[in-house]
Visitor: 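Take this structure, written in structure tokens, and hold onto it; I'll ask about it next.
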Amino acid sequence: MDNIQLTELSDDELLAEKKKLKKGAVINSALCGFLIGVSVYSTVRNGPGFFTFFPLFFVFFVLNNRSQIKAVDAELRSRNLE
């Protein structure tokens, strides 16, 4: 969601969006840990190779989701809802 859509949401909708993103953050953290674990295991087992760097490529996309959470938090702060 971009800032234009966030400003159009009601207070209840914005709080629901934060709750949804928070659940997604837990899933993203678990996925990120799994991918890093696969990379470490592959490196220890076989040395550096394709399966060392391939999972790390996806970690970038998983961590990129944090910008949405920060945007929702900023909108909540601007409305004094925290």
Visitor: State the CG-CD distance between L6 and Q68, to the nearest 0.5 angstrom.
Guide: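 Going from CG on L6 over to CD on Q68, the span is 9.0 Å.
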
Visitor: Let me confirm one number: the NZ-NZ distance from K23 to K20, rounded to the nearest 0.5 Å.
Guide: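 One gets 10.5 Å once the value is rounded to the nearest 0.5 Å.
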
Visitor: Determine the sole option in L35, I36, V38 for which the side chain to side chain contact (heavy atoms under 4.5 Å, CB included) test with L56 is passed.
Guide: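 Running side chain to side chain contact (heavy atoms under 4.5 Å, CB included) over L35, I36, V38 with L56 returns exactly one hit, I36.
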
Visitor: In the structure I gave you, are the side-chain heavy atoms of D73 and R77 within less than 4.5 Å of one another anywhere?
Guide: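 D73 vs R77: side chains touch.
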
Visitor: Quick one: do F57 and V40 end up in the same hydrophobic cluster if we chain Ile, Leu, Val, Met, Phe, Trp and Tyr together by side-chain heavy atoms under 4.5 Å apart?
Guide: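 Hydrophobic grouping puts F57 with V40.
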
Visitor: Considering non-hydrogen atoms only, spot the tightest contact between T7 and R79 and give its length.
Guide: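 Closest approach of T7 to R79: O-NH2, 3.3 Å.
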
Visitor: Angle class for the F50/F54 ring planes (parallel below 30°, perpendicular above 60°, tilted otherwise)?
Guide: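 If you compare the ring of F50 with that of F54, the planes turn out parallel.
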
Visitor: Within this structure, what is the CD-CD distance for the pair E17 and E75, rounded to the nearest 0.5 Å?
Guide: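 Output value for this atom pair is 11.5 Å.
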
Visitor: Are any of the side-chain heavy atoms of L76 and L15 separated by less than 4.5 Å?
Guide: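 Contact flag for L76/L15 side chains = yes.
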
Visitor: Count I, L, V, M, F, W, Y as connected when their side-chain heavy atoms are under 4.5 Å apart, and connections chain through other members. Are V59 and V26 then in the same cluster?
Guide: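 In one cluster: no.
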
Visitor: If you round to the nearest 0.5 Å, how far is OG of S42 from CZ of F53?
Guide: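 That separation rounds to 9.5 Å.
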
